[in-house]
Structure formats: structure tokens, C-alpha cells
Amino acid sequence: MRRLQPRHWVFLGLLVVITVAMLLRVPLALRTSPETQRLYDYLNELPEGSVLLISFDHEASSLPEIRPIAEAILRHAFERDHKLIGLALLAEGTVIGYRLMEQVAAEYGRTYGEDYVYLGFKPQFIAAILSMGESIPVTFPVDYLGSPYTSLPLSVDIGSYADVAGVISITDGSLTTHWIEYAGARYNLRVLGGVTAAMVTTYDPYVSSGQMHAMIGGLRGAAEYEQLIRVSGGGLRGMLAQSASHIYILLLVLLGNIIYWREQRKAGKR
Amino acid sequence: MNRKIALIICFIFGVVMFLQYFSGHPVSRRINQAILEYWQIIFAFTLVVGIVGVMRTNIEKIGRGDDVFFRVVTLAGILIMPLLALVWGIRADTPFMWMFENVQAPMQATVFSLLAFFVASASFRGFRARSAQATVLLVSASIILLSRSALGGILADEIPQFAEWMRNYPSMSARRAILIGIGLGSITTSLRVILGIERTWLGGRQ
């Protein structure tokens, strides 16, 4: 049998750290970031019954991080009795978005067609975003379930961006940038985001300039949001595992540097 | 002659799309909507080009005996998924979506999750304070890592505050510079394409 190499021990250590952290139930108190607070305040202060677009602009690979973000936003929106129109501009987000909306809507006793509608996927995101600015019924003549757009009580009066309060783009890439550039700049649609941690710095300049009103960033953002809406979800559950793995990586960096310094000292003595 | 026609079409559409952006006239809005619909239809056809390319490459390599098993799996995926979609549709609770939810999504999430293990291993082996610049990078990364964990705020209030400062000043100023550069570059390239100065998109000889 081949001997385990140092990197295999590193992998095993991480596996143990994450598994133990996932099994533990430790209550965490997180400081809410200003961006998360702003998104919460926005949804909280919108008049009840406001219509929001929720765009699932992500792939399946980022689901463990995206799901808690999406669930937290959907829970708050349904709790506040907002009306939601879901869609996906990346094919993989289509069924994920539908399932999430269906699941959270059921938790809050919301009805399809009256409280929420799911439009499904449209290819070529730039064309789709611009086209919805002109006419949503032309861009999506039927919803995801095959019903004509104009036959649903919620969507019958929603013609374009002028009839919605804003869009929340849930993304693991740069797709929200297109919402900002095409729907925000051209049609004055308010853009908000739920983005993976890796994308936070990409959107920082847009949040700072006000082109993006607010965002939830990564699992940490989802956990902060769950704290605000007083729900224990995937964000808070995953936060302990994320924190433990971050500390584990920091310890590895420290250990690696100690080994490096010792080697340097030895080389210097020689 | 063919190249000239392509250049004329490009010029007309470039100018029309540019001008309609500033117009709210109903005719302009209708033109915009029609062009956007055609754009989506044309995009759908580009998928066909991609699929044919992938299939041709894989069939050729199977013929040569290169990674036959993996290539057969790829081709099976390309053929089976559209077949399921054509027969049962693509809405929720169809075999197509069952395959997506139970095969594709878990596989993608698994591959993405493996990144954590590679990051851990790479941090251990490569993140060394070899120079002043490397030390700055190491300290910044450590503070950001701590701030994104629950421990950052517990250890000291200054850690999340300092992380926010790093995001709001050094990181954002660099990002803004890049974004402005990209914006100016996009305008220049677009103008060159519309005016027919840049012709590489036509392929072939200049």
C-alpha cells in the first residue's frame, strides 16, 4: 500500500473538520454587514403586495452556497406578502429556482398564479433582459408550467419593468452585471443581488455607486440574513463548517510558514 | 463582395441599435423588440454549431482509441438528454429534470466542493511569506478569511472592520480602474467593428 503523502493528510484533516462542524449545533452571533442590512431593509420597507422579479442566474455547481441565499430572500419576501415572478437566465438555474419557490411558497401557504409565478428559462441573457424591458409577455408568452402569461392573475397586469419594484438576481457569476447595465441603466430597474462569496468583490463597486442597491454575499451573507429574519436555515448551519474550515486553512498556512522559516534558517546556517 | 455585405449589415445594425437606445418612440421600441427576438433565435442556432463540434471531435478521438470510455459517456449524455426532453418535455417532474436533479446537479456540486480540498492543500504548500509583497498578500488573505468566519468578530471587532476597509478602498479602487478600462476598451472595439476598421470577426484574410 502506498504511504499517505502530506496533501492526503491535509485532505483528511479538512474532511474531519467539516464533518464534525456540520454535526455540531453551536449558536452563532454574527455581525450584520451593511449590504445585507440594506437588502433586508429594502424588502421590509416595500409596501405589502409589491411585485419583485427573482432571477436564478446560477449553475448547479454553486447550489450549496446559493440555496441558503435564495431561501432566505424568498422566506422574507413571502413573509412580507410580496408577489414574486421567478425566472432563470442560465438553463441550470431553471428547475432549481422553480423547486425553491415551490418549497418556500408552500411553507408560507402561498398560491401559484396569485402570489408567485415562475416563467422559466430564456436563452441569451442580454437579449432577454432588454426584451423584458420592452415587454415581459412577449419575452415569456407562457410560464414554466405552460400557462399563457396573461392568463395568470398575478402577471396579467405586469407588462414590463415599469410594473415591478425591482429584480433580485441570485448568481454565482457576473450575470448580475448585465441586469445592472441593461435593466438598471436603461430601464431604471432597481437591481439587488444574492451572490457567492467569490463574486462579492466584483459587485462591491456597483453597491458603492448605488447601481446595485444591496446584496447578500456568500454563505456568511445568508447566515446574517437568516439572523435578521429569525429563521434557522442552511446559512447558519453551514456557517460553523465554513468558519472551522477557514480556521483550519489559516492554521495550515501558519504551519507551512513555520516549516518554511525553519528550512530557511537551516539553509542559512549551512 | 460577401465581406462588404457583412460589413454593411454590421454598420446598419450597429448604428440602429446605438440610436434606438436614446429613443422612446413606439417605432424604435418595436424595432428594438424585433431585433432582440431575432438575437435569441440566432443564439439558439449557435448551440447547434457547438454540439456538432463536440460530437465530431469526440467521434474522431473514439476512432483513434483516445479515452474511449469517457468520450462515450459524453456522447451518451449529449444524445440522451435531448431525447428525454423531446419525448417527455423539460418541465419539473419529467425524466429530463430527474436526470438533471439527480445526476448533473450532484456531480457538479461535488466537483465544485473539491475546490475546498485543493485550496487547503495549496495554502499549506504555496502560501509562504517569501517577500514583502507575499507577506502583504498573506496577511490580507488571512484577515479576509477570518472576517468571513464567525470567529473574526469574536476575536476582535477590528478584524471585520479592517476587512471591510480593504474591500472598500484598496480592492475597490483596483476593481474600478479595471472596470473603467474594460468600458473604454469595449467602446473603442465596438466603434472599430461598426465602422469596419476591425475586421477579424469576419475570419479569413484581412
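In the text below, chain A, chain B and the rest are named by the order of the sequence lines, each starting its count at 1.
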Proximity breakdown for B:Ser171 and chain A, heavy-atom pairs closer than 4.5 Å: side chain

Residue among B:Gly126, B:Pro160, B:Ser121, B:Ala44 with most heavy-atom pairs under 4.5 Å to chain A: B:Ser121

Engaged part of A:Ala244 at the chain B interface, taking heavy atoms whose separation is under 4.5 Å: neither

Region of A:Glu102 that comes under 4.5 Å of a non-hydrogen atom in chain B: neither

Which atoms of A:Asp143 approach chain B - backbone, side chain, both or neither, heavy atom under 4.5 Å: backbone

Polar side-chain atom of A:Arg220 near backbone of B:Ser149 as donor-acceptor pair, under 3.5 Å: yes

Contact check, side chains of B:Glu164 and A:Pro34, non-hydrogen atoms, under 4.5 Å: yes

Shortest non-hydrogen contact from B:Ala120 toward A:Leu14: CB-CD2, 4.0 Å

Audit row: B:Trp39, A:Leu130, side-chain contact (heavy atoms from CB on, under 4.5 Å) steps and yes/no: CA-CA 11 Å; B:Trp39 185 356; A:Leu130 286 168; 4.3 Å; yes

Between A:His246, A:His8, A:Lys122, A:Glu65, the one whose heavy-atom pairs under 4.5 Å with chain B are most numerous: A:His246

Residue A:Phe125 versus chain B: region with a heavy atom under 4.5 Å: neither

Closest-packed option against chain B by number of heavy-atom pairs under 4.5 Å, given A:Val200, A:Leu250, A:Leu254: A:Leu250

Between A:Leu15, A:Thr94, A:Leu30, A:Leu63, the one whose heavy-atom pairs under 4.5 Å with chain B are most numerous: A:Leu15

Closest contact, heavy atoms only, A:Leu252 versus B:Phe124: O-CD1, 3.4 Å

Option from B:Gln33, B:Glu37, B:Gln40 for which side chain to side chain donor-acceptor pair (under 3.5 Å) with A:Ser131 holds: B:Gln33

Part of A:Tyr206 within contact of chain B (heavy atom distance under 4.5 Å): side chain

Heavy-atom side-chain contact between A:Pro6 and B:Arg125 under 4.5 Å: no

A:Met22 atom CE, neighbour heavy-atom count above 12 within 6.0 Å: no

Sidechain-backbone polar pair: B:Arg91 side chain, A:Tyr144 backbone, donor-acceptor under 3.5 Å: yes

4.5 Å side-chain heavy-atom contact, B:Arg175 and A:Thr202: yes

Contact origin within B:Ile178 toward chain A - heavy atom pairs under 4.5 Å: neither

Greatest number of heavy atom pairs closer than 4.5 Å to chain A - which of B:Leu151, B:Asn32, B:Val119: B:Asn32

A:Leu145 versus chain B, the contacting section by heavy-atom distance below 4.5 Å: backbone

Heavy-atom pairs under 4.5 Å with chain B, option from A:Gly13, A:Pro205, A:Ala197, A:Gly221 with the top count: A:Pro205

Heavy-atom pair of closest approach, residues A:Gly217 and B:Arg148: O-NH2, 2.6 Å

Which portion of B:Thr94 sits near chain A, non-hydrogen atoms under 4.5 angstrom: neither

Proximity breakdown for B:Ile42 and chain A, heavy-atom pairs closer than 4.5 Å: neither

Region of B:Ala116 in contact with chain A, defined by heavy-atom distances below 4.5 Å: both

Sub-4.5 Å side-chain heavy-atom contact between A:Ile249 and B:Phe127: no

Main-chain N/O of B:Asn168 paired to A:Asp204 side chain as donor or acceptor, under 3.5 Å: no

From CD (A:Gln124) to OG1 (B:Thr46), nearest 0.5 Å: 8.0 Å

Close contacts, residues 234-243 of chain A versus chain B, judged by heavy atoms under 4.5 Å: A:Met239, A:Gln242, A:Ser243

Per-residue contact mode, A:Arg186 against chain B (heavy atom under 4.5 angstrom): both

Enclosure of B:Phe70 CZ (heavy-atom neighbours >12, cutoff 6.0 Å): no

salt_bridge(B:Arg167, A:Glu35) N-O dist < 4.0 Å: yes

Gap between atom OG1 of A:Thr139 and atom CG of B:Leu36 - 0.5 Å precision: 8.0 Å

Considering all heavy atoms, the nearest B:Phe117-A:Phe11 contact: O-CE2, 3.2 Å

Portion of A:Ala91 that has a non-hydrogen atom of chain B nearer than 4.5 angstrom: neither

Separation of A:Ser160 OG from B:Arg29 CZ (nearest 0.5 Å): 7.5 Å

B:Leu145 vs A:Val253 side-chain heavy atoms within contact, under 4.5 Å: no

Side chains of A:Gln264 and B:Arg128 in contact at under 4.5 Å (non-hydrogen atoms): no

Members of residues 99-113 of chain B whose heavy atoms come closer than 4.5 Å to chain A: B:Phe100, B:Glu101, B:Gln104, B:Ala105, B:Gln108, B:Ala109, B:Phe112

Check: A:Asn257 side chain, B:Ala129 main-chain N or O, donor-acceptor pair, under 3.5 Å: yes

Contacting moiety of B:Arg130, where chain A heavy atoms sit under 4.5 Å: both

Selection from A:Ser62, A:Ser61, A:Gly256 maximising heavy-atom pairs under 4.5 Å formed with chain B: A:Ser61

